[in-house]
A.B. asks: 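Input: one structure, supplied below.
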Amino acid sequence: MSLLPDFITAIQQTIHTHEIEVTELDKAIGDGDHVVNLQRGLAALKTIENELASLDYSSAFMKIGMTLMSTMGGASGSLFGTLFISMAKATKDQPVNLTSFAAVFAQGVESVKQRGKADLGEKTMLDTLIPVVNSLQESAQNNESLSATLEKLKLVAIKGMESTEGMIATKGRASFLGERAIGHIDAGARTSQLMICAIADVLLAQQ
Ligand code: ADP
Ligand code: MG
């Protein structure tokens, strides 16, 4: 997957740019380590980026998942790890097109839901990921162009992330706070959105 190094670089940049903001979010309703966990995982991916670029989709997703699982830590480490390991298992067709990727990503997010026993509306990364799955599948069904798909996906990711602000949390550390969690965006929803938008921007720049 030759674009993987570009994706990793773009993601590292956006997470670095928003490092303080996301840390504040996780401090407000979690323990403040989310960005550090994520940056540890991303740094590990960076060191194997050439190997990742040489692998097919399925093997690359598996390697990413195993690496995140073993380096990140935190709830998010096992959830992001699960996302990619499940995507690796679901990837059959080579090369991947929009329709098959939408199905693969949907399977990955389904596994995150099962692993975390969570769903839409519980103030987690899933409030970004589930709307993005739905948007991707809708775009694939309607045969939308890649640029239209990506522009829509970015808006949906932002809207999903923002939706967590008014929610109480029923999963993860923020669930201990009850109503006090209201008024804060979920850190994992924010980083998921930032990463999705970074990937979309790399792809849009190639159009
Ligand atoms: P920890 O909560 O163990 O400190 P992180 O700070 O790295 O781990 O990640 C916290 C993020 O993980 C939250 O902001 C939320 O988006 C996500 N999260 C936590 N629990 C769940 C869950 N059960 N399902 C989905 N996402 C979750
Ligand atoms: Mg944390």
Side-chain angles (χ1 to χ4, degrees), residues 8 11-12 14-46 61 64-87 90 105-136 153-154 156-199:
I8 294 167
I11 288 172
Q12 280 187 310
T14 193
I15 296 302
H16 179 67
T17 303
H18 297 89
E19 191 174 351
I20 295 170
E21 176 210 317
V22 179
T23 298
E24 289 305 316
L25 292 177
D26 193 36
K27 267 189 189 158
I29 58 172
D31 56 359
D33 63 350
H34 180 58
V35 167
V36 176
N37 291 339
L38 191 51
Q39 286 176 327
R40 198 182 312 114
L42 291 169
L45 293 183
K46 186 80 186 161
F61 290 153
I64 291 170
M66 301 299 276
T67 304
L68 293 180
M69 196 72 98
S70 63
T71 58
M72 264 187 76
S76 61
S78 89
L79 294 167
F80 284 137
T82 297
L83 175 72
F84 282 98
I85 290 168
S86 173
M87 283 171 63
F105 189 61
Q107 185 55 55
V109 172
E110 190 55 40
S111 298
V112 174
K113 285 165 73 173
Q114 284 169 15
R115 173 94 188 201
K117 298 186 176 55
D119 210 329
L120 196 68
E122 298 197 79
K123 204 180 181 89
T124 70
M125 60 174 70
L126 287 167
D127 293 307
T128 298
L129 298 176
I130 293 172
V132 166
V133 165
N134 295 339
S135 176
L136 261 181
L153 184 146
K154 283 171 62 177
V156 164
I158 290 168
K159 201 165 153 227
M161 171 275 288
E162 286 174 347
S163 75
T164 63
E165 186 168 6
M167 294 175 184
I168 60 159
T170 35
K171 294 283 150 44
R173 292 180 195 278
S175 64
F176 307 140
L177 294 176
E179 302 229 326
R180 276 180 293 147
I182 294 176
H184 303 280
I185 287 168
D186 174 65
R190 177 65 164 145
T191 56
S192 297
Q193 173 262 311
L194 289 170
M195 292 191 280
I196 287 165
C197 288
I199 291 171

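Bear in mind the structure is a predicted one, so any value in this text is a computation, not a measurement. We count ligands from 1, going down the list as the structure has it; atoms in each ligand are counted the same way.
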A.B. asks: Looking only at heavy atoms, is any part of V112 under 4.0 Å from ligand 1, and if so is it the side chain, the backbone, or both, or is it neither?
C.D. replies: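 The answer is neither.
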
A.B. asks: Could you find the nearest protein heavy atom to atom 23 (N) of ligand 1 and give me its residue, atom name and distance?
C.D. replies: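 Result: G116 O, 2.9 Å.
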
A.B. asks: Starting from atom 27 (C) of ligand 1, what is the nearest protein heavy atom, named by residue and atom, and what distance separates them?
C.D. replies: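 For atom 27 (C) of ligand 1, the nearest protein heavy atom comes out as L79 CD1, 3.3 Å.
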
A.B. asks: Closest non-hydrogen protein atom to atom 24 (N) of ligand 1, residue and atom name please, with distance?
C.D. replies: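 For atom 24 (N) of ligand 1, the nearest protein heavy atom comes out as A118 CB, 3.6 Å.
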
A.B. asks: Just which atoms of ligand 1 are under 4.0 Å from any heavy atom in D26?
C.D. replies: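 Selected atoms, number and element: 6 (O).
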
A.B. asks: Considering only non-hydrogen protein atoms, determine which one is nearest to atom 20 (N) of ligand 1 and report residue, atom name and distance to 0.1 Å.
C.D. replies: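 Closest protein heavy atom to atom 20 (N) of ligand 1: G172 CA, 3.6 Å.
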
A.B. asks: Can you report which non-hydrogen protein atom sits closest to atom 10 (C) of ligand 1, along with the distance?
C.D. replies: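 It is H34 ND1, 4.1 Å.
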
A.B. asks: Going by the atom numbers of ligand 1, which of them fall below 4.0 Å from some non-hydrogen atom of G74?
C.D. replies: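 Counting from 1, the qualifying ligand atoms are 3 (O), 8 (O).
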
A.B. asks: Which N, O or S atom name in D31 marks its closest approach to the Mg ion (ligand 2)?
C.D. replies: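 Nearest N/O/S atom of D31: OD1.
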
A.B. asks: When rounded to the nearest 0.5 angstrom, what is the spacing between CG in D26 and CD1 in I185?
C.D. replies: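 Separation between the atoms: 13.5 Å.
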
A.B. asks: Charged N to carboxylate O under 4.0 angstrom, K113 versus E110?
C.D. replies: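 Between E110 and K113 there is a salt bridge, with a charged N closer than 4.0 Å to a carboxylate O.
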
A.B. asks: Please report the interatomic distance CD1(I85) to OG(S78), rounded to the nearest 0.5 Å.
C.D. replies: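 Going from the CD1 atom of I85 to the OG atom of S78 covers 9.5 Å.
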
A.B. asks: Would you mind reporting whether L83 and L68 have side-chain heavy atoms less than 4.5 Å apart?
C.D. replies: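 Side-chain contact under 4.5 Å: no.
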
A.B. asks: Are any of the N/O atoms on A75, whether in the backbone or the side chain, positioned under 3.5 angstrom from an N/O atom of ligand 1?
C.D. replies: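 N/O-N/O distance under 3.5 Å: yes.
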
A.B. asks: Is any N or O atom of G188, backbone or side chain, closer than 3.5 Å to an N or O atom of ligand 1?
C.D. replies: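 Yes, at least one N or O pair falls under 3.5 Å.
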
A.B. asks: Name whichever N, O or S atom of D26 ends up nearest to the Mg ion (ligand 2).
C.D. replies: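 Going by distance to the Mg ion (ligand 2), the closest N, O or S atom in D26 is OD2.
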
A.B. asks: Hey, is ligand 1 close enough to D31 that some N/O pair sits below 3.5 Å?
C.D. replies: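 Yes, at least one N or O pair falls under 3.5 Å.
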
A.B. asks: Quick one: look at N37 and ligand 1, take heavy-atom pairs under 4.0 Å, and tell me if it's side chain, backbone, both or neither.
C.D. replies: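 The answer is the side chain.
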
A.B. asks: How close do P131 and L120 get, counting heavy atoms only, and between which atoms?
C.D. replies: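 Looking at all heavy atoms of both residues, the shortest contact is CD-CD1, 3.9 Å.
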
A.B. asks: Is there a side chain to side chain donor-acceptor pair (under 3.5 Å) between T128 and S192 once you walk through the steps?
C.D. replies: CA-CA 7 Å; T128 298; S192 297; 5.3 Å; no

A.B. asks: Quick one: pull up OG1 in T71 and CG in L45 and give me the separation to the nearest 0.5 Å.
C.D. replies: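 Rounded to the nearest 0.5 Å, the OG1-CG separation comes out at 6.5 Å.
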
A.B. asks: To the nearest 0.5 Å, tell me how far L126 CG sits from L79 CG.
C.D. replies: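 One gets 7.5 Å once the value is rounded to the nearest 0.5 Å.
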
A.B. asks: Identify the protein heavy atom lying closest to atom 6 (O) of ligand 1, giving its residue, its atom name and the separation to 0.1 Å.
C.D. replies: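 Looking only at protein heavy atoms, the one closest to atom 6 (O) of ligand 1 is D33 OD1, 3.0 Å.
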
A.B. asks: Donor-acceptor pair, S111 side chain versus Q107 backbone, under 3.5 Å?
C.D. replies: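 Confirmed, S111 side chain pairs with Q107 backbone.
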
A.B. asks: Can you list the residues that meet the salt bridge (charged side-chain N to carboxylate O under 4.0 Å, His left out) rule with K46, with sequence neighbours excluded?
C.D. replies: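 In terms of salt bridge (charged side-chain N to carboxylate O under 4.0 Å, His left out), with neighbours along the sequence ignored, K46 is linked to E49.
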
A.B. asks: Where on L38 is there a heavy atom closer than 4.0 Å to ligand 1, on the side chain, on the backbone, on both, or on neither?
C.D. replies: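 None of L38 does.
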
A.B. asks: Within the structure provided, determine whether T67 and F84 are in side-chain contact (heavy-atom separation under 4.5 Å).
C.D. replies: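 No, too far: nothing below the 4.5 Å cut-off.
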
A.B. asks: Once rounded to the nearest 0.5 Å, what's the spacing between atom CZ of R190 and atom CD1 of I15?
C.D. replies: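 One finds 8.5 Å between CZ of R190 and CD1 of I15.
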
A.B. asks: Rounded to the nearest 0.5 Å, how far does OG1 of T191 lie from CG of L25?
C.D. replies: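 If I round to the nearest 0.5 Å, the distance is 9.5 Å.
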
A.B. asks: Starting from atom 14 (O) of ligand 1, find the nearest protein heavy-atom neighbour and note its residue, name and distance.
C.D. replies: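 For atom 14 (O) of ligand 1, the nearest protein heavy atom is D186 OD1, 2.6 Å.
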
A.B. asks: In the protein, what heavy atom is nearest to atom 7 (O) of ligand 1, and what distance, to one decimal place, separates them?
C.D. replies: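 So the nearest neighbour among protein heavy atoms is S76 OG, 2.6 Å.
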
A.B. asks: Which single N/O/S atom of D33 lies at minimum distance from the Mg ion (ligand 2)?
C.D. replies: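 It is OD1 of D33.
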
A.B. asks: I'd like the name of whichever of M125, R173, K117, Q114 reaches closest to atom 1 (P) of ligand 1 through any heavy atom.
C.D. replies: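 Shortest heavy-atom distance from atom 1 (P) of ligand 1: R173.
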
A.B. asks: Can you list the atoms of ligand 1 that are under 4.0 Å from a heavy atom of K171?
C.D. replies: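 In order of number, 23 (N).
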
